[in-house]
Amino acid sequence: MTITTDILLFICAIPFIYYALVLYSTARYFPTSWREAARKSDYTPPISCLKPIKGLDEDAYDNYASFCQQDYPKYEILFCVDPGDPALPVLEKLIRDYPQVDIRLLMGSGRDAINDKVGRLTRLTSEAKYDLFVITDGDIRVRPDYLRVVAAPFQDKKVGAATCLYVSTEETNLTQELQSIGMISDFFAGIMVAWNLDGIKFTFGQTIATSREANAAYGGYPLIENRPADDVYAGRLVAEKGYEVKLLPYVVSSVADFKNLKELMFKRARWMTVMRLMRPWGHFGLIFTWGLIWALVAIAIHPTWQTAALFLGGYAAARVLMTWMIGVWGMKQRGIWSKMPLIPLWDAIAFGIWIASFARRTIRWRGVDYFLREGKLVPAHYPRG
């Protein structure tokens, strides 16, 4: 081999450095988080569970009902929904079925926000009775100990927000299995590295627990009514005010919000485009995390069976170990092994989505194209006149 070939093969091996960092970070995160979570806590401040609702999610009643079955002394559930929304009859049934739970319905946000979900959150946070908010989407289902777990970190006044890991409630088709293995093997792998290198400075929409004080410190939800990725901003802005953001090892369930592969690809492509526009250099840096692609490049550069065995074999071993550590060892999920063969397919699709994200300058949000300028959504086309 020539020196040039050696250099190129070294570049192709860079993803293995990333994989090693994922394994190291995962090995640190879960034991550390388990120790923190194991500390007995009787800290149970009253909680306002806030739910901005638009449309009827699959299994919506079961999702909502799981919040009515909490082993927690004092909490309320606030829903904000538009009049005539298809979810309204389900919410009214919920109130009838759980008269012992403090449930309130707020009709409409009363806001003119590009991100109407955040408009709802503006009203929800302003009308909440209590000072600890637990914000979740309508497609989330939780266990009875959920509120106790998410409340515990807030006995430390340095904590301003907390979020949870999440998995699908079930997979009924190949697309949902592909999404699940992608989240565990790819998305959460990056989260482990972020936790290890820079700490958690974001939250997931599946759980945003935050205090009224921390929310007000950065200006609250009115500040981000015209921004995408409101869950990311909710954690980032809290962290910028000097609060800690905790990633809890607790796992909640999320009902799939896509019906087929096309819808999943559209959802992921929009998310990747938002991330590119929000943090362009970090997004570009993902180029060194695509082990499958670099392994194929290495084989093309030096087509020998030794190169194929080293790069493809190393890729397969690393990806399986990463997925096992995060999904099986860390998140205690069953059925992971049967989905392992989907990892290369997911990696190829995810790489294609990453490439495609560089082709768009705008974000399509509820049928309208927007530019992202200084983190804010700006309509791409203004009406003439």
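All values reported here derive from a predicted model rather than from experimental measurement. Just the heavy atoms: all of them, side chains too, but no hydrogens, waters or symmetry mates, feed the values below. In what follows, residues are counted from 1 in the order of the sequence shown.
Nearest heavy atoms, Ala189 versus Ser185: CB-O, 3.4 Å.
The hydrophobic clustering, which links ILVMFWY residues whose side-chain heavy atoms are closer than 4.5 Å, places Ile11 and Val297 together.
Stacking of Lys74 on the aromatic ring of Tyr130 is not recorded, the 6.0 Å distance cut-off and the 45° axial limit not both being met. In this structure, Arg143 forms a cation-pi arrangement with Tyr250, its terminal cationic atom sitting closer than 6.0 Å to the ring centre and no more than 45° off the ring axis. Both tests do not hold together for Arg236 against Phe202: distance to the six-membered ring centre under 6.0 Å, angle to the ring axis within 45°. A cation-pi arrangement is absent between Lys158 and Tyr243 under the rule of less than 6.0 angstrom and at most 45 degrees off the ring axis.
A donor atom on one side chain and an acceptor atom on the other are not found under 3.5 Å apart for Thr5 and His302. With no hydrogens or angles considered, a side-chain donor-acceptor pair links Tyr146 and Thr207 at under 3.5 Å. Using modelled atom types and a 3.5 Å distance limit, the side chains of Thr172 and Gln176 yield a donor-acceptor pair. There is a side-chain donor-acceptor pair under 3.5 Å between Arg28 and Asn196. Donor-acceptor pairing under 3.5 Å is lacking for the side chains of Asp347 and Trp290. Residues Arg148 and Thr44 have side chains that never bring a donor and an acceptor to within less than 3.5 angstrom of each other.
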| message | Run the salt bridge (charged side-chain N to carboxylate O under 4.0 Å, His left out) test on Asp116 and Arg111 for me, step by step, so that the C-alpha distance in whole Å, both residues' side-chain angles and the decisive distance to 0.1 Å come before the verdict. | response | CA-CA 8 Å; Asp116 58 358; Arg111 312 285 296 185; over 6 Å; no
| message | Using side-chain hydrogen bond (donor to acceptor under 3.5 Å, both in side chains), reason through Gln206 and Thr136 one step at a time and then give a plain yes or no. | response | CA-CA 5 Å; Gln206 287 73 14; Thr136 51; over 6 Å; no
| task | Check the pair Lys54 / Asp85 against salt bridge (charged side-chain N to carboxylate O under 4.0 Å, His left out), numbers first and verdict last. | result | CA-CA 7 Å; Lys54 186 177 181 66; Asp85 191 285; 5.6 Å; no
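Residue-environment remark: CG (Asn260) exceeds the threshold of 12 foreign heavy atoms within 6.0 Å. Within a 6.0 Å sphere centred on CD of Glu240, other residues, nucleotides and ligands contribute more than 12 heavy atoms. For Phe284, the CZ atom counts as loosely surrounded, since its 6.0 Å shell holds 12 or fewer non-hydrogen atoms of other residues, nucleotides or ligands. The neighbour count for Glu58 CD, taken as heavy atoms of other residues, nucleotides or ligands under 6.0 Å away, does not exceed 12. Taking a 6.0 Å sphere around NZ of Lys241, one finds it holds 12 or fewer heavy atoms contributed by other residues, nucleotides or ligands.
In this structure, Tyr75 contributes its side chain and Phe67 its backbone to a donor-acceptor pair below 3.5 Å. Side-chain atoms of Lys51 come within 3.5 Å of backbone atoms of Asp137 as a donor-acceptor pair (strictly under, hydrogens ignored). Judged by distance alone, with hydrogens and angles left aside, the side-chain atoms of Ser33 form no donor-acceptor pair with the main-chain N or O of Phe30 at under 3.5 Å. Judged by distance alone, with hydrogens and angles left aside, the side-chain atoms of Glu225 form no donor-acceptor pair with the main-chain N or O of Asn115 at under 3.5 Å.
By the 4.0 Å N-to-carboxylate-O rule, Lys267 lies too far from Glu263 to be salt-bridged with it. Salt-bridge annotation for Arg141 and Asp59: present, with a side-chain N of the basic residue lying under 4.0 Å from a carboxylate O of the acidic one. Under a 4.0 Å N-O distance rule, the pair Lys201/Asp198 qualifies as a salt bridge. A salt bridge links Lys246 with Glu244; the closest basic N to acidic carboxylate O contact falls under 4.0 Å.
Side-chain contact check for Met265 versus Leu261: some heavy-atom pair is nearer than 4.5 Å. Taking 4.5 Å as the limit, some side-chain heavy atom of Leu124 sits within range of a side-chain heavy atom of Pro52. With contacts defined as side-chain heavy-atom distances shorter than 4.5 Å, the pair Gln70/Asp145 does not qualify. At a threshold of 4.5 Å between non-hydrogen side-chain atoms, the residues Met322 and Leu23 count as touching. Contact annotation: the side chain of Leu292 never approaches that of Phe351 to less than 4.5 Å [non-hydrogen atoms, C-beta and beyond]. Side-chain contact check for Arg120 versus Ile53: every heavy-atom pair is 4.5 Å or farther apart. In this structure, Met278 and Tyr233 have side chains that are in contact, with non-hydrogen atoms separated by less than 4.5 Å. Trp294 places none of its side-chain heavy atoms less than 4.5 Å from the side chain of Phe16.
Here the straight-line distance linking atom CH2 of Trp195 with atom CD1 of Ile200 works out to 8.5 Å at 0.5 Å rounding. Tyr221 contributes atom OH, which lies 9.0 Å from atom OG1 of Thr122 (distance to the nearest 0.5 angstrom). Between the OG1 atom in Thr323 and the CE atom in Met331 there is a gap of 11.5 Å [rounded to 0.5 Å]. The line from CZ of Phe79 to CD1 of Ile103 is 6.0 Å long, rounded to the nearest 0.5 Å. For the atom pair Ile349 CD1 and Arg268 CZ, the distance stands at 10.5 Å (nearest 0.5 Å). To the nearest 0.5 Å, atoms OG (Ser180) and NZ (Lys339) are separated by 5.5 Å.
Ring geometry, Trp329 versus Trp34: the interplanar angle exceeds 60°, so the pair is classed perpendicular (tilted spans 30 to 60°). The aromatic rings of Trp354 and His283 lie tilted to each other, with the angle between the two planes from 30° to 60°.
The one candidate from Ile77, Asp102, Ile95 that meets the side-chain contact (heavy atoms from CB on, under 4.5 Å) condition with Cys68 is Ile77.
Screening residues 151-182 for ring-ring contact (aromatic ring centres under 6.0 Å, His included), with sequence neighbours left out, gives Tyr166-Phe188, Tyr166-Phe204.
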